[in-house]
Amino acid sequence: MEKIIVRGGQKLNGTVKVEGAKNAVLPVIAASLLASEDKSIICDVPTLSDVYTINEVLRHLGADVHFENNQVIVDASKELSTEAPFEYVRKMRASVLVMGPLLARLGRARVALPGGCAIGSRPIDQHLKGFEAMGAVIKVGNGFIDAEVKGRLQGAKIYLDFPSVGATENILMAAALADGTTTLENCAKEPEIVDLANYINAMGGKIRGAGTGTIRIEGVKELTGAKHNIIPDRIEAGTFMVAAAITGGNVLVQGAVPEHLASLVAKMEEMGVEIIEEAEGLRVIGPEELKAVDIKTMPHPGFPTDMQSQMMALLLQAKGTSMITETVFENRFMHVEEFRRMNGEIKIEGRSVIINGPGELQGAEVAATDLRAGAALVLAGLVSDGYTRVTELKHIDRGYVNFHGKLAGIGASIERITENDQTIPAAKAVSDLNA
Ligand SMILES: CC(=O)N[C@H]1[C@@H](OP(=O)(O)OP(=O)(O)OC[C@H]2O[C@@H](n3ccc(=O)[nH]c3=O)[C@H](O)[C@@H]2O)O[C@H](CO)[C@@H](O)[C@@H]1O
Ligand SMILES: C=C(OP(=O)(O)O)C(=O)O
C-alpha cells in the first residue's frame, strides 16, 4: 500500500508551479469528439489519473489519442462507437461528459449510470433534461442511460434548476452541433466553462455568454479539430495557497490566476493571510496567528466546494470558532472523522461544521476519502505533532500531479512510500530528508 508520510513543523518557502486544470481538461478532451475533421492538440495537460481515464474512454469509443509531454492529440474523425461502459464511469464520473458530444454527432449515446460517491449522490437529471429539451429520447435501464435522437438535436431554451457544472458542459457540447440556437439559463459560470466554450469556438463553434448565467449557442453543421491551451488549475493553486498559510510560510504560487480565486483570496485575507499579486502568480504569506471565519460553499463565483476540506485544515489552526456550510454537495464531510483522528475539534450540525481552534493537531494514520480530503489531510499533517500517514492515495492522484514532490520542493518534510518497501522504514525516510 502506498502512503504519503509527512512530519509537521516546517515553514514552506519558495515557488511552486500550478498545472493545467483537471476540471477544464476533462470536458475539453470529451469535446474533441465533436470534431469530424482534423486533429485537436490540447496543451498544458496535467499527468493525472483522471486524464488517463478520459483518454481511455475516447480510445474505447474509437478515437486516436496520444498523450505525451503534457499534450493530448485527439483524432476523432473516424467512425466512433457510442457506449461508455461502467468500468470507466465508476472510476471517474466526468466520463458522462462524452454523452453530449456523442448524441450531437452520432444521434445516440449509451452511458453507464454513475452510482453515488463519497461526496454525495450526484444525479445527472439536469443533463438529461437538457438533452430531452433538444429532442432526445432518454431511456434508463439495466444500469445504462440510452439517449437517441432522430436526425439532429434541435436548439432549445433550457433553464437549469441548479447551475450544475457538468450539465452546463454536457448541454453546451450537445448544442454546439444542434440545428438552431440553444439558450441555457441559470447555467454554471466557472472558469472551466469559459475554457470549454473557447475551445469549441476555436473548433468553429458559435457560443456567446460563457462565464455568465445565460449562454447562447448557435449550432453549426460541423466542427473541426483545434489547438487549445488549458487554463491553470485554481483548486491546485488554492491548495498550495493554504499550504503556505497554514505553515506561516512565504510561497509564490506560480500560474495562480487572481480572478479565478477571488472568493478564496478574500476569505484567506479575512483570516489574516497576506496575498500579493505578482506578475507570475500569487505570493502567499502566512501570519503569526490565523483568525476564525465562516465559509459557505456556493457555485462560482462563490466559495468553491473543492476548497472546503483544505480550508477546514486551515481553520483548525485559526483562533476562535469557525463555521463551514456546504451547500453544493450533501455529503462532503467524510474528512471530518479523519481530522478528528488527528485531534481536530470539529462538530457536524446538519450541512455545517463548527470548528474550534487553534488545536494541537497530532500525527496519525488517516485515509483520503476523496481527492480534496486527501490533500487537506496532508496539509493538516504539515502542522501536526509527529508523523501523519495518509493512505488511499488513488484519490489524490486523480487531482494532483506529484503532490508530495511539489510540497517537498518548497520545504515540507514529506515522502511517498510503498509500505512493504523494507529498505526505507517510513519514519526514517522523512527524518532523513532533514538530516
Ligand atoms: C470534473 C468536474 O468538473 N468536477 C467538478 C464539477 O462536478 P459536477 O459537474 O459533477 O458538479 P455539479 O455542478 O454538476 O453538481 C453540483 C450539485 O448539483 C447536483 N446535480 C448536478 C447535476 C444534475 O443533473 N443534478 C443535480 O442534482 C449535484 O448532485 C451536486 O449536488 O463541479 C463541482 C461543483 O463545483 C466540483 O466539485 C467538481 O470538482
Ligand atoms: C469533486 C471533484 O472532482 P470530480 O467531479 O471529478 O469527482 C474535485 O475535483 O474536487
Side-chain angles (χ1 to χ4, degrees), residues 19-31 46 48-51 53-54 57 88-100 111 113-133 138 140 145 158-173 184 186-196 230-231 233-239 260 263-264 297-311 326-332 334-335 351 368-376 394-400:
E19 312 280 326
K22 161 178 103 54
N23 288 351
V25 77
L26 299 176
V28 162
I29 292 177
L48 296 172
S49 60
D50 271 13
V51 171
T53 304
I54 194 84
V57 176
Y88 301 117
V89 183
R90 180 178 50 185
K91 253 196 209 163
M92 188 188 70
R93 304 176 58 84
S95 306
V96 301
L97 293 174
V98 300
M99 199 162 185
V111 174
L113 261 176
C117 83
I119 61 177
S121 65
R122 305 183 77 176
I124 58 162
D125 55 300
Q126 299 299 304
H127 305 227
L128 303 183
K129 172 174 116 171
F131 298 148
E132 274 176 332
I138 311 278
V140 180
I145 307 160
I158 300 161
Y159 179 89
L160 296 182
D161 296 345
F162 178 88
S164 152
V165 171
T168 302
E169 293 167 343
N170 234 340
I171 295 168
L172 198 69
M173 293 187 279
L184 186 53
N186 195 31
C187 60
K189 301 173 188 162
E190 271 72 357
E192 292 77 20
I193 306 283
V194 179
D195 203 41
L196 176 64
I230 295 295
I231 55 168
D233 195 314
R234 64 194 166 99
I235 306 301
E236 188 200 13
T239 303
H260 295 175
S263 60
L264 177 68
T297 66
M298 300 282 271
H300 193 78
F303 192 91
T305 173
D306 293 350
M307 282 302 301
Q308 181 250 104
S309 46
Q310 301 91 314
M311 285 302 273
E326 173 61 58
T327 77
V328 178
F329 290 107
E330 75 275 14
N331 186 30
R332 206 173 191 177
M334 301 284 278
H335 41 283
R351 295 190 80 153
T369 49
D370 74 69
L371 77 166
R372 307 304 169 191
K394 63 176 190 291
H395 294 295
I396 297 183
D397 293 338
R398 287 189 50 220
Y400 294 90

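Treat the numbers as computed from the prediction; the structure is a model and nothing was measured. Atoms within each ligand, like the ligands themselves, are counted from 1 in listed order.
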Of all residues at least two apart in sequence or in a different chain, which pass the side-chain contact (heavy atoms from CB on, under 4.5 Å) check with [X]?
X	answer
A31	L34, M173, L196, Y199, I200
D125	P123
S309	H335, R372, A376

What protein heavy atom sits nearest [atom], and how far away is it?
atom	value
atom 14 (O) of ligand 1	S164 OG, 2.6 Å
atom 13 (O) of ligand 1	V165 N, 2.8 Å
atom 7 (O) of ligand 1	R122 NH2, 3.3 Å
atom 1 (C) of ligand 1	N23 OD1, 3.2 Å

Heavy atoms, side chains only, cut-off 4.5 Å: are [X] and [Y] in contact?
X	Y	answer
M99	L128	yes
Q126	I171	no
F329	R122	yes
M92	L26	yes

Would you confirm whether [X], through its side chain, and [Y], through its main-chain N or O, come within 3.5 Å as a donor-acceptor pair?
X	Y	value
E236	E19	yes
E330	S121	yes
N186	L160	yes
E190	H300	yes
T305	T297	no

Close-contact set for ligand 1 against [X] heavy atoms, below 4.0 Å:
X	value
G166	9 (O), 14 (O)
F329	30 (C), 31 (O), 33 (C), 37 (O)
P123	20 (N), 21 (C), 22 (C), 23 (C), 24 (O), 25 (N), 26 (C), 27 (O), 29 (O)
Q126	23 (C), 24 (O), 25 (N)
D306	36 (C), 37 (O), 38 (C), 39 (O)

**OP:** With rounding to the nearest 0.5 Å, note down the distance linking CZ in R398 to CG in D370.
**Re:** 8.0 Å
Quick one: look at [X] and ligand 1, take heavy-atom pairs under 4.0 Å, and tell me if it's side chain, backbone, both or neither.
X	value
A167	neither
V328	both
H127	both
R332	side chain
D125	both
T305	side chain

Original post:
At a 4.0 angstrom heavy-atom cut-off, what protein residues surround ligand 2?
Top reply: K22, N23, I119, R122, D306, R332, L371, R372, R398
Original post:
Is the shortest distance from atom 19 (C) of ligand 1 to a protein heavy atom below 4.0 Å?
Top reply: no
Original post:
Can you find an N or O of E169 that's nearer than 3.5 Å to an N or O of ligand 1?
Top reply: no
Subject >> N-O pairing of R234 and E192 below 4.0 Å >> reply: yes
